[in-house]
Amino acid sequence: MSETNTATGDKPVELTTPKGGAKVQIRPYATARLRKATRGVFLKYASLDTAAFKGKSEKEIKEMNTGDLTKFQDEIPAEIVNEINEATIKYMVISVDGKTEDLVDVCLDMRDEDYNAIIEKCNEVAGETDLSEEKKTT
């Protein structure tokens, strides 16, 4: 598998899949659309804990950590991984072998090893671009 990692710049990250040899271009950063889509998948299985607001002033509520306000169901379906992976492809993959349309389907029709390589690279790029400079050095 060959790749060019330019995640810190504006140029697409290039990846050649390990089995099929597809040439994949990936955005060099995680988009806001991807973050919103990923968050949305998790929020489908969460509820707002309104009891956490009881007895608190407006200022105290505004200062609360959103994690303190959210409750997840006891079980979250494992299928959310597939939903997140599809969103990852939709919002991070620019092209596959020059194709720019129906990229989720194009990637899903690949060998599993190639699909997984694309997801892994997208997650790596997203992780690199999400970290602050301080976190990158620690």
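Residue numbers count from 1 along this sequence. In this text, all values refer to a predicted model and were calculated from it rather than measured experimentally. Computed from heavy atoms alone, side chains included, the values below leave out hydrogens, waters and symmetry copies.
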Practice item. Please name all residues satisfying side chain to side chain contact (heavy atoms under 4.5 Å, CB included) with Lys36, sequence neighbours left out, ordered by chain then number. Key: Arg39
Ignoring hydrogens and angles, write down the donor-acceptor pairs under 3.5 Å from the side chains of residues 80-108, residues two or more places apart or on other chains.
{"residue": "Glu83", "atom": "OE1", "partner": "Lys44", "partner atom": "NZ", "Å": "2.6"}
{"residue": "Thr88", "atom": "OG1", "partner": "Ile84", "partner atom": "O", "Å": "2.8"}
{"residue": "Asp97", "atom": "OD1", "partner": "Lys23", "partner atom": "N", "Å": "2.7"}

Study note, to complete from the structure: Taken to the nearest 0.5 Å, the spacing of Lys121 NZ from Glu14 CD works out to 11.0 Å
**Study point:** Approximate separation, where rounding is to 0.5 Å, of Tyr115 OH and Asp109 CG
**Key:** 11.0 Å
Check your understanding: If you measure from OG1 on Thr16 to CG on Asp114, what distance do you get to the nearest 0.5 Å?
Key -> 10.0 Å
Review point. Looking at CD of Glu113 and NZ of Lys19, how far apart are the two atoms once the value is rounded to the nearest 0.5 Å?
Key: 5.0 Å
Exercise for review: Check whether any side-chain heavy atom of Pro12 lies under 4.5 Å from a side-chain heavy atom of Ile26, and answer yes or no.
Suggested key: no
Review point. Where do Ala30 and Arg35 come nearest, in terms of heavy atoms and distance?
Key: CB-NH2, 3.1 Å
Check your understanding: Among all residues two or more places apart in sequence or in another chain, which pass the side chain to side chain contact (heavy atoms under 4.5 Å, CB included) test with Glu58?
Key -> Lys62
Point to revise | Closest contact, heavy atoms only, Val13 versus Arg27 | key: CG2-O, 4.4 Å
**Study point:** Pairwise side-chain contact, Met110 with Ile118, heavy-atom cut-off 4.5 Å (strictly under)
**Key:** yes
